[in-house]
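Here is how names work: the chains are called A, B, and so on, in the same order as the sequence lines, proteins then strands, and each is numbered from 1. On a predicted model such as this, the values are computed, not experimentally measured, just so you know.
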There are 2 protein chains.
Amino acid sequence: MPFRIKIPRSTIDRLPLYYRCLNLIEEHGIEEISSQVLGVRVGVDPSVIRKDLAWFGELGKRGVGYNVTYLKEAIGRILGLDKEWPFILVGAGKLGMALAEHNRKYGRHFHLVGVFDRDPEKFGLMVGGQQVSPMEEMPAFVKEKDIKIAMLAVPAEEAQKVAHELVKCGIKGILSYAPITLSVPEDVLVYNADYNLDLQRLAYYLSNDGNISWGE
Amino acid sequence: MPFRIKIPRSTIDRLPLYYRCLNLIEEHGIEEISSQVLGVRVGVDPSVIRKDLAWFGELGKRGVGYNVTYLKEAIGRILGLDKEWPFILVGAGKLGMALAEHNRKYGRHFHLVGVFDRDPEKFGLMVGGQQVSPMEEMPAFVKEKDIKIAMLAVPAEEAQKVAHELVKCGIKGILSYAPITLSVPEDVLVYNADYNLDLQRLAYYLSNDGNISWGE
DNA sequence: TGGTTTTTGTTATAATTAAAACCAGAATAA
DNA sequence: TTATTCTGGTTTTAATTATAACAAAAACCA
């Protein structure tokens, strides 16, 4: 009787941080690492790290620590990085193009398989190793190749409409650079990559040092 | 006797979401909005919205709702968007250039005032309305103009070193596109804009639907 | 070998955050 | 005017998440 346990969202949010860090540590030829040392590297309390990892079994060895390569690969499998994820890009503007090129150079586990845009002037352009195709071809493409992930880099006005189209043809995860909150069904995940959100949060903390004051 | 209250981090994280949404709503000519309706638009429980806003005084009117323009401007002031924030970009690669151009077109409240790179081939290039300057000129520039925010778009190998330099000349907030966890003093804020983190989180949820299963 | 140190996995406690319930103004309509 | 309906602010309760404490392996050392 298989049973299922819900992993805390905050744990999942941290796994990529660990993964990224472990890759670097592995490249440096280090074989073992303690939660203590890893904690300093990723800026997370060691006991939080241990608890996060314990959700997925006994990944370390008491008295010793974690084997860097083993842990890295274990987290990779947990995240689903043992397979390659194809994804599409919608919106071949300057930002979209740069993201695609960047992915081509640095992307691991995720590879761009199609780029779509509405503007006929863009058709045929090479972006991230792919030719830009008209938006009309997107649904058939996504369905046929069973693609689950899309990057969205279109203007705000178009974003919601495009998101709707993406969902309709089976996309389940959207990384959106559009400056709006997308409305999607419950089983579709949206991550907001609009950097203005982060800049504004920065501005808050820089303005009033994390507090608000009033009174006399 | 002025006193200070700490606002929950989660509240601050949501304010930009509200702000972004209110701008859109305002453009549509809507003057009043209830926490209920706003909640649907931003995907947040109405009671959470009310509690978030209540930290900053009585921003709404019972039986009526919130005045869109008034609320938008109040949140703007809370976030510190009543002033313009100058920032610099370090790293004039493809990604950095695209971000700068994007900001030039869509950026509000944050304006790029300097671009720096180590590569002499980049010097003098126009990026986001600014000439690329050699990295050596950064410290004097930042100190003189009292700049607090930097965007970091350099390769992983350089990122930590650059972050250290930035901190040394007074930068207090970094929006980093580098795929590493930066180590900075406590009073410096770093936001991670490396989209691979989000892609990996997406991959997790798409892989196992938010759960992990094992057993017989 | 036995005791000491290290470090994990686990449990217990505390802090934070979200959700629900409820009260008090404000508008509306009979 | 008065009852009714809305809706924001406040308080209470519940859920989530982080921190601290500790017991169980593993290595190390005299």
Side-chain angles (χ1 to χ4, degrees), chain A residues 4-15 17-18 22 25 30-72 74-75 78 186 201 204-205 210-212 214, chain B residues 5-15 17-18 21-22 25 30-72 74-75 78 186 201 204-205 210-212 214:
Chain A
R4 300 170 83 75
I5 285 183
K6 202 186 161 290
I7 313 291
R9 186 190 186 86
S10 48
T11 293
I12 303 308
D13 281 352
R14 280 185 296 263
L15 290 182
L17 257 45
Y18 304 155
L22 288 166
I25 291 165
I30 296 162
E31 291 180 3
E32 300 279 343
I33 192 162
S34 66
S35 58
Q36 183 108 87
V37 176
L38 184 59
V40 173
R41 294 291 293 267
V42 295
V44 173
D45 187 287
S47 102
V48 169
I49 294 183
R50 292 203 298 278
K51 209 162 179 236
D52 283 344
L53 298 177
W55 286 104
F56 306 100
E58 305 212 351
L59 267 30
K61 213 194 261 178
R62 295 169 197 228
V64 182
Y66 299 91
N67 177 289
V68 173
T69 302
Y70 177 78
L71 182 58
K72 187 204 80 173
I75 293 179
I78 293 164
E186 265 201 5
R201 287 163 192 149
Y204 173 82
Y205 289 109
N211 305 306
I212 196 142
W214 73 95
Chain B
I5 284 184
K6 201 186 162 287
I7 312 292
R9 185 190 186 87
S10 48
T11 292
I12 304 308
D13 281 351
R14 280 186 295 264
L15 290 182
L17 257 45
Y18 303 157
C21 200
L22 288 166
I25 290 166
I30 296 163
E31 292 181 2
E32 300 280 342
I33 193 163
S34 66
S35 58
Q36 182 106 88
V37 175
L38 184 58
V40 173
R41 293 291 293 267
V42 294
V44 173
D45 187 288
S47 98
V48 170
I49 295 183
R50 292 202 299 276
K51 210 165 176 229
D52 283 344
L53 298 178
W55 286 104
F56 306 100
E58 305 212 352
L59 267 28
K61 211 195 264 178
R62 298 174 195 218
V64 181
Y66 299 92
N67 178 288
V68 173
T69 302
Y70 177 79
L71 182 58
K72 188 204 79 175
I75 294 178
I78 292 164
E186 265 201 5
R201 287 163 193 151
Y204 172 82
Y205 288 109
N211 304 306
I212 197 145
W214 72 93

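- Between the C1' atom of dT16(D) and the CG atom of D45(B) lies a distance of 15 Å, rounded to the nearest Å.
- Using a 4.0 Å heavy-atom cutoff across all strands shown, S10(B) reaches sugar-phosphate atoms only and no base atom.
- Here the nucleotide nearest the side chain of V64(B), chosen from dA20(C), dA27(C), dT17(C), is dA27(C).
- Taking 4.0 angstrom as the limit, S35(B) places a side-chain polar atom (N or O) nearer than this to OP1 or OP2 of dG8(D).
- Across dA21(D), dA26(D), dA19(C), the shortest atom-to-atom separation from the side chain of R50(A) is found for dA21(D).
- A side chain to side chain contact (heavy atoms under 4.5 Å, CB included) with I30(A) is found for one member of V37(A), L22(A), I25(A), T69(A) and no other, namely I25(A).
- As a whole-Å value, the separation of Y18(A) OH from dT8(C) P is 12 Å.
- Between S10(A) atom OG and R14(A) atom CZ the span is 4.5 Å, to the nearest 0.5 Å.
- For the pair L59(A) CG and dA25(D) C1', the interatomic distance rounds to 16 Å; values are reported in whole Å.
- Looking at R62(B), its side chain has no donor and acceptor atom pair within 3.5 Å of the base of dG9(D).
- Rounded to whole Å, atom C1' of dG9(D) lies 14 Å from atom CG of L71(B).
- Following rounding to the nearest Å, Q36(B) (CD) and dT5(D) (P) show an atom-to-atom distance of 17 Å.
- If you measure from atom CD1 of I49(A) to atom P of dA20(D), you get 14 Å, rounded to the nearest angstrom.
- Residue-level contact check: S47(A) touches the bases, meaning some heavy atom is under 4.0 Å from a base atom.
- When heavy atoms are screened at a 4.0 angstrom cut-off, T11(A) is found touching no nucleic acid atom at all.
- Remark: Y66(A) is in phosphate contact with dG9(C), judged by side-chain N or O atoms under 4.0 Å from OP1 or OP2.
- Backbone-only contact: E58(B) has heavy atoms under 4.0 Å from sugar-phosphate atoms and none from a base.
- Atoms CG and CG, on L17(B) and D52(B) in that order, are 10.5 Å from each other to the nearest 0.5 Å.
- As judged by a 4.0 angstrom heavy-atom cut-off over every strand, I33(B) is placed among residues touching the sugar-phosphate backbone only.
- When each of dT17(D), dT10(D), dA18(D) is scored by its nearest atom to the side-chain atoms of R9(A), the top-ranked nucleotide is dT17(D).
- Among the atoms of the strands shown, none is found under 4.0 Å from any heavy atom of L53(A).
- As rounded to whole Å, 10 Å separates atom C1' of dA27(C) from atom NZ of K61(B).
- Of the candidate nucleotides dG9(C), dT7(C), dA21(C), dT7(C) has the atom nearest to the side chain of S34(A).
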